[in-house]
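Please read the structure below before turning to the comments.
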Amino acid sequence: MLIIFAAPYLVWRLFRTEYYAPLVVVQIIGGIILGPGVLGHLFPTITPSCSASR
C-alpha cells in the first residue's frame with residue numbers, strides 16, 4: 001500500500017518532474033504502471049483477473 005502513495009511522490013520529487021509534469025500526471029502514469037496492466041502481467045497471481053471463473 002505504501003508503494004501506491006510513495007512511489008509517484010518520490011518520482012515527482014527526485015526526478016524534478018514538477019517543471020514539466022504536475023504530481024497528478026505522475027500519479028496517473030504510476031497507476032497505469034502499477035495497475036493490472038504491467039504488474040498484473042508480470043505477477044498474475046497477485047492481481048486476479050475478472051474472468052477467473054472461466
Side-chain angles (χ1 to χ4, degrees):
M1 185 86 166
L2 180 63
I3 193 169
I4 294 171
F5 293 108
Y9 182 76
L10 289 175
V11 168
W12 185 65
R13 295 298 292 171
L14 293 176
F15 293 111
R16 298 285 198 189
T17 62
E18 67 263 9
Y19 297 114
Y20 52 90
L23 179 58
V24 68
V25 172
V26 177
Q27 288 172 331
I28 291 170
I29 294 170
I32 292 169
I33 292 171
L34 293 174
V38 174
L39 286 181
H41 180 70
L42 296 175
F43 304 105
T45 58
I46 295 174
T47 55
S49 66
C50 295
S51 61
S53 61
R54 288 191 215 177

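Note that the numbering runs from 1 along the sequence shown for the chain.
Residue pairs meeting the salt bridge (charged side-chain N to carboxylate O under 4.0 Å, His left out) criterion with at least one member in residues 2-16, sequence neighbours excluded, are R16-E18.
For the side chain to side chain contact (heavy atoms under 4.5 Å, CB included) test, residues two or more places apart in sequence or in another chain that qualify with F15 are V11, T17. The side chain to side chain contact (heavy atoms under 4.5 Å, CB included) test applied to L23 returns Y9, W12, Q27, not counting sequence neighbours.
In this structure, I29 is not a member of the same hydrophobic cluster as V26, with clusters built from ILVMFWY side-chain heavy atoms closer than 4.5 Å.
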